[in-house]
Structures are given as C-alpha cells and as structure tokens.
Q: 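I have a structure here, written as structure tokens, and I will follow up with some questions on it.
For ligands, and for the atoms within them, numbers begin at 1 and follow the listed sequence. In this chain, numbering begins with 1 at the start of the sequence shown.
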Amino acid sequence: MRIQVAIIGSGPSGLLLGQLLAKAGIETIIIERASKRHVLARVRAGVLEQGTVDLLDQAGVGGRLHLEGMRHDGVLLAFDGHSHRIDLQSLTGKTVTVYGQTEVTHDLVDAREAAGLTTIYEVENVSIHNIDRGSSYITFEKEGIEHRIDADFIAGCDGYHGASRSSVPAKAIRTFERVYPFGWLGILADIPPLNSELIYARHERGFALCSMRSATRSRYYIQCRSDERIEDWSDARFYDELRRRLPQEHADRLTIGPSFEKSVAPLRSFVAEPMRFGRLFLVGDAAHIVPPTGAKGLNLAASDVHYLFEALRLHYAGADDAALDAYSERALQRVWRAVRFSWSMTMMMHRFPDEGEFAAKIQNAELDYLVSSKAASTAFAENYVGLPY
Ligand code: FAS
Ligand code: PHB
C-alpha cells in the first residue's frame with residue numbers, strides 16, 4: 001500500500017492530524033496498537049485552550065464541544081486556608097473550555113469513521129524504515145500477518161511509549177527529563193462539582209485539584225506517592241484527604257459519591273529534540289510530556305498538529321518545504337514555554353518532603369505574590385489560557 005501520510009497512533013494527535021489532512025484532501029491511514037474500545041475508554045485531560053477549540057472547529061468536530069463544553073472565565077488558587085480567583089477573561093481576554101479528552105477522542109473517531117477513513121487497530125511490532133530517504137515505509141503485524149505501508153511522510157503520534165521516537169538513532173536525538181517524586185491519584189464520580197470553576201490547592205499534606213467533566217460529573221485529584229496502589233484508597237479515604245487539603249469553605253461543600261474511575265498518573269517533564277527526522281515527524285506526547293498541573297499536555301499536542309498540518313498542506317499545494325523544515329523549531333519554541341509553565345506550577349503547588357520548611361515558605365510566598373500582583377496574575381493567566389501559536 002502507498003499513502004501520502006501514514007499516522008502511527010489514534011490518540012488526539014493522530015486523530016486530529018488525520019481529520020485536518022482529510023479535509024484538505026490529503027490521504028492518510030492510522031495504525032493503532034490498542035483496541036478501539038481501549039482508545040475510547042481512556043480518561044485523561046479536561047481543559048482545552050482556545051487554540052485547541054479553534055483547531056477542533058477547523059477539523060469540523062466542534063459541534064458537541066460547543067453544546068456540552070463549559071467555558072471557564074477564571075480559576076481558583078487555594079493556599080493558607082483561602083482561595084483566590086484568577087480572572088482569566090479580564091486579564092487576557094481569553095477563556096478555557098472544560099471538555100474531557102475522552103469526548104474529544106470520541107468526536108474525532110466518529111468523524112473519521114463517518115468520512116470512511118481507515119484506522120487499523122490492534123497492530124503489533126510497528127517498525128519504521130528509511131526515514132532519511134524518499135522511500136520511507138512502516139511495517140507492522142495484524143493477526144500475525146505482516147503488512148507494509150509506503151508513505152511520503154510518517155507522523156509519529158504514538159505517545160511517550162510509542163515506536164516512533166525509539167526508532168530514531170540515539171545519536172540523532174537529545175532528550176531532557178525531570179521525573180517528579182510523586183504522582184496524582186485521580187477519580188471520576190457522577191457527583192456535582194464542589195465549585196463552578198477549577199480549584200488548584202497547595203497544602204502541607206500535598207496538592208489537590210478539583211475539576212469536572214460536566215455539571216453532574218466531577219474529576220478530583222490528590223498528590224500521592226508515585227508508587228501508590230489504588231487498592232489502598234477507598235472512596236471514603238480519598239474524599240477525606242481531599243477535604244483536608246481544601247479551604248474549609250470549599251471542603252464543606254464537597255458532595256461525595258461512588259467513583260467509577262480511579263487511577264494514578266506519574267508526573268514527569270520530558271522533551272525530545274529535534275521533532276523531525278527526515279520523513280518522520282514526532283507529534284504530541286511522542287515528543288514531549290508535561291506534568292498535568294498546567295493542563296498543557298493535550299493542548300501542546302494540538303499546537304504540534306497545527307504546525308505539522310499547515311506544513312503538509314503547503315507541501316501538497318506545491319509550495320516549498322520551508323514550513324516542513326521549520327516544524328521542529330516552531331513546535332519546540334511553544335513546547336518549552338509550556339514545559340516551563342507546567343514545571344513552575346508543579347514546583348509551586350506540590351509538597352516536596354525532602355526540601356524542608358524553607359521551600360514550603362517560598363511556595364506560599366510565590367502564591368501570595370501571584371494572587372496579589374496584577375502583573376504576576378496576568379503572566380499566570382497568559383500561560384494558563386495558552387500562549388499564541
Ligand atoms: P496519546 O498517548 O494520547 O496517544 C498515543 C496513541 O498511540 C495511543 O492510542 C497509543 O495506544 C498509540 N500507540 C502507542 N504505541 C504505539 C505503537 N507502537 N503503534 C501504534 N500505536 C501506538 N494532559 C492534560 O492536559 N491534562 C491531564 O489531566 C492529563 N492527564 C493525563 C493522565 C495520563 C495517565 C496520561 C498518560 C496523560 C495525561 N495527560 C493530560 C496528557 C495527555 O492528555 C496527552 O497530552 C495526550 O493524550 C497527548 O495525545 P497524543 O499525543 O495523541 O498521545
Ligand atoms: C482534568 O480535568 O482532568 C484536569 C484539569 C486541569 C488540569 C489537569 C487535569 O491541570
């Protein structure tokens with residue numbers, strides 16, 4: 001088989017890139033390691049930047065998002081027993097939209113199927129070949145039979161543990177990483193959110209985040225050990241710990257109810273440079289990972305997709321390949337700004353037991369300055385709503 005753009009991975013990066021390319025008349029195929037059911041069941045991000053919303057609209061999949069997504073004009077930062085609202089809208093003129101990644105994935109999969117576009121699920125042993133020459137191709141197995149796809153370009157949209165980045169010769173790639181000494185224990189429950197906007201809480205017992213998926217579905221997180229076992233956390237223990245980390249005015253408003261999803265996510269910052277290797281382009285989590293503190297992971301995948309889509313569109317329109325050649329540099333500039341923000345928010349809001357009382361006082365002072373200075377609040381808001389593409 002020969003195709004214009006072969007996409008590895010049916011997560012938000014691969015699906016959104018595939019949808020934009022299809023609308024521009026560029027043929028694609030997506031190969032995916034997991035089952036369709038697994039892809040659709042993943043619970044991950046919750047906050048979309050305006051740039052991501054605009055891109056989903058451009059891809060023609062914004063319908064349900066505009067009906068069910070919730071526009072948030074502000075976000076609360078809680079510390080020292082009190083919460084402080086950062087008015088995103090008045091400080092930046094921009095807002096964020098709360099709409100789960102699970103729903104984004106559903107919308108993109110539905111659109112791909114409605115357009116009759118091909119996704120091959122449950123593939124194995126994906127290998128990438130000849131990325132430095134014109135005849136790049138992918139091989140993979142499906143039900144024990146080996147297949148080959150020859151492609152003009154290959155988009156590595158297969159996440160942190162995928163085959164794309166690992167197919168690049170070690171001498172051709174540099175990686176930068178920080179692993180945090182904790183994780184996030186998250187639950188989903190069909191209970192009304194305790195607040196209409198997100199609350200990020202710093203507490204001596206650890207970080208907590210109150211988010212949501214709708215007016216009737218809450219998404220809560222608490223900082224935990226990286227090796228935490230979810231079986232050690234009953235709902236009652238989770239809610240009790242969440243209450244302890246929130247200001248009393250919010251803790252008193254917590255509605256509890258049975259969780260239907262509970263998971264632990266490790267936290268790391270990671271960037272691979274460059275993001276292009278001949279005919280192979282790394283996109284989204286295949287190239288970078290951020291701690292979810294700044295709600296940037298999914299949104300960075302969207303800006304990578306924007307840069308690569310525009311470059312491929314120009315290529316197939318007969319323009320020069322300057323945009324393709326500039327993809328890595330353009331994407332990495334926005335990636336590093338988001339990595340910095342996500343790192344700084346993680347350092348400011350989480351408990352670092354080995355760093356003593358002085359560090360804890362500095363964290364409080366940083367938050368105190370942030371919420372009392374218009375300049376500092378504006379800088380925070382600009383990053384949270386998403387820096388320009
Ligand atoms: P993804 O990892 O989503 O998708 C990659 C796809 O490639 C997957 O479907 C995978 O099965 C497939 N794949 C992997 N290897 C393959 C191979 N060899 N062959 C074929 N297919 C292969 N971001 C936020 O903004 N907020 C959050 O709260 C948040 N929480 C997260 C929690 C967890 C546990 C994780 C892992 C991530 C979280 N993220 C969060 C980040 C997340 O949302 C990512 O940024 C987003 O999924 C990136 O999308 P993709 O780049 O498509 O990668
Ligand atoms: C979520 O709703 O899952 C979410 C929201 C904001 C974050 C991280 C996760 O920073």
Side-chain angles (χ1 to χ4, degrees), residues 6-18 30-36 38-49 52 70 72 75 96-102 104-105 108-109 119-128 138-142 154-167 183-188 193 197-200 207 209-214 217-221 261 263-268 270 282-305 335 338 341-342 345-346 349 384 386:
I7 298 173
I8 305 175
S10 178
S13 294
L15 287 164
L16 182 53
L17 179 62
I30 295 180
I31 59 170
E32 164 58 54
R33 175 167 66 183
S35 68
K36 177 180 172 185
H38 184 87
V39 167
L40 291 173
R42 276 197 195 107
V43 177
R44 287 195 180 159
V47 172
L48 305 183
E49 296 172 356
T52 304
M70 297 176 287
H72 282 205
V75 65
V96 294
T97 300
V98 173
Y99 187 72
Q101 178 174 324
T102 309
V104 172
T105 304
L108 286 164
V109 167
T119 299
I120 303 175
Y121 292 98
E122 298 181 82
V123 303
E124 297 176 296
N125 302 323
V126 172
S127 293
I128 301 169
I138 298 170
T139 56
F140 65 93
E141 287 174 19
K142 171 77 175 169
I154 298 170
C157 302
D158 47 352
Y160 180 72
H161 300 289
S164 300
R165 192 178 71 249
S166 56
S167 73
W184 281 15
L185 170 60
I187 69 163
L188 265 179
E197 295 175 327
L198 273 64
I199 304 174
Y200 290 83
F207 169 81
L209 170 60
C210 300
S211 184
M212 63 201 74
R213 290 293 178 269
S214 70
R217 178 166 291 181
S218 296
R219 176 67 160 160
Y220 293 129
Y221 297 94
E261 196 271 351
S263 56
V264 174
L267 267 61
R268 76 175 74 242
F270 172 86
L282 300 183
V283 184
D285 276 21
H288 42 74
I289 296 285
V290 286
T293 324
K296 292 295 159 228
L298 174 58
N299 294 297
L300 269 184
S303 49
D304 290 353
V305 166
V335 164
F341 174 68
S342 304
M345 213 173 148
T346 301
M349 304 291 299
Y384 192 81

Q: Measure Trp184 to ligand 1 on non-hydrogen atoms and call it side chain, backbone, both or neither using the 4.0 Å cut-off.
A: neither
Q: Residue-level breakdown please: for Asp285 versus ligand 1, do any non-hydrogen atoms fall below 4.0 Å on the side chain, on the backbone, on both, or on neither?
A: both
Q: Indicate yes or no: does an N/O atom of Gln101 lie under 3.5 Å from an N/O atom of ligand 1?
A: yes
Q: Just checking, is any N or O donor in the side chain of Asp304 or His288 under 3.5 Å from an acceptor N or O on the other one?
A: yes
Q: Show which atoms of ligand 2 fall inside a sub-4.0 Å distance from at least one heavy-atom site of Arg44.
A: 3 (O)
Q: Heavy-atom distances under 4.0 Å are what count here, so tell me which part of Lys296 touches ligand 1: side chain, backbone, both or neither.
A: backbone
Q: Under 4.0 Å from any heavy atom of Val47, which atoms of ligand 2 are there?
A: 5 (C), 6 (C)
Q: Measuring from the heavy atoms of Lys296, does anything fall under 4.0 Å of ligand 2?
A: no
Q: How far is atom 4 (O) of ligand 1 from the closest protein heavy atom, and which atom is that?
A: Gly11 CA, 3.6 Å
Q: Between Asp158, Ile138, Val43, Leu17, flag the one that comes closest to atom 13 (N) of ligand 1 by a heavy atom.
A: Asp158
Q: With a 4.0 Å cut-off on heavy atoms, is Arg213 in contact with ligand 2?
A: yes
Q: Checking the N or O distance criterion of under 3.5 Å, is ligand 1 in contact with Ala34?
A: no
Q: Taking heavy atoms and a distance under 4.0 Å, where does Ser263 meet ligand 1: side chain, backbone, both or neither?
A: neither
Q: Can you confirm, on distance only, whether ligand 1 has an N/O atom lying under 3.5 Å from any N/O atom belonging to Asn299?
A: no
Q: Can you pull out the closest protein heavy atom to atom 3 (O) of ligand 2? Residue, atom name and distance to 0.1 Å, please.
A: Tyr221 OH, 2.6 Å
Q: Which of the atoms in ligand 1, numbered in the order shown and given with their element, are less than 4.0 Å from a heavy-atom of Ile31?
A: 20 (C), 21 (N)
Q: With a cut-off of 4.0 Å, which atoms of ligand 1 are near a heavy atom of Gly162?
A: 15 (N)
Q: We want to know whether Tyr200 and Tyr384 form a side-chain donor-acceptor pair, criterion being a heavy-atom distance below 3.5 angstrom.
A: yes
Q: Counting each atom of ligand 2 from 1 as listed, which ones have a heavy atom of Ala295 under 4.0 Å away?
A: 6 (C), 7 (C), 10 (O)
Q: When you measure from atom 49 (O) of ligand 1 to each heavy atom in Gly186, Pro12, Gly183, Gly294, which option holds the nearest one?
A: Pro12
Q: Among protein heavy atoms, which lies nearest atom 8 (C) of ligand 2, and at what distance?
A: Pro292 O, 3.3 Å
Q: Can you find an N or O of Arg42 that's nearer than 3.5 Å to an N or O of ligand 1?
A: yes
Q: What residue and heavy atom of the protein are closest to atom 24 (C) of ligand 1, and at what distance?
A: Ala45 CB, 3.2 Å
Q: Counting from 1, what ligand 1 atoms have a heavy atom of Cys157 closer than 4.0 Å?
A: 5 (C), 6 (C), 7 (O)
Q: For Ile8, take its heavy atoms, then give the atoms of ligand 1 lying under 4.0 Å from any of them.
A: 19 (N), 20 (C)
Q: For residues Tyr99 and Arg213, is any side-chain donor paired with an opposing acceptor at under 3.5 Å?
A: no
Q: So if I apply the side chain to side chain contact (heavy atoms under 4.5 Å, CB included) rule between Ile31 and each of Ile8, Thr119, Ile7, which one comes out positive?
A: Ile8
Q: Could you name the option among Ser13, Gly297, Gly284 that has the heavy atom nearest to atom 50 (P) of ligand 1?
A: Ser13
Q: Which of the atoms in ligand 2, numbered in the order shown and given with their element, are less than 4.0 Å from a heavy-atom of Trp184?
A: 8 (C)
Q: Can you pull out the closest protein heavy atom to atom 6 (C) of ligand 2? Residue, atom name and distance to 0.1 Å, please.
A: Tyr200 OH, 3.3 Å
Q: Below 4.0 Å, non-hydrogen atoms only: which portion of Ile289 touches ligand 1? Side chain, backbone, both or neither.
A: neither
Q: Is any NZ, NE, NH1 or NH2 atom of the basic residue among Arg219 and Glu261 found under 4.0 Å from an Asp or Glu carboxylate oxygen of the other?
A: yes
Q: Can you find an N or O of Leu198 that's nearer than 3.5 Å to an N or O of ligand 2?
A: no
Q: Answer yes or no: does an N/O atom from Ala265 fall short of 3.5 Å to an N/O atom of ligand 1?
A: no
Q: For ligand 2, is Tyr99 a contact, meaning one of its heavy atoms is under 4.0 Å away?
A: no
Q: So, is Thr293 polar-close to ligand 2, with some N/O to N/O distance under 3.5 Å?
A: yes
Q: Which residue and non-hydrogen atom of the protein lie closest to atom 3 (O) of ligand 1, and at what distance in Å?
A: Arg44 NH1, 2.7 Å
Q: Would you mind running through ligand 1 and noting each atom that sits below 4.0 Å from a heavy atom of Val126?
A: 19 (N)
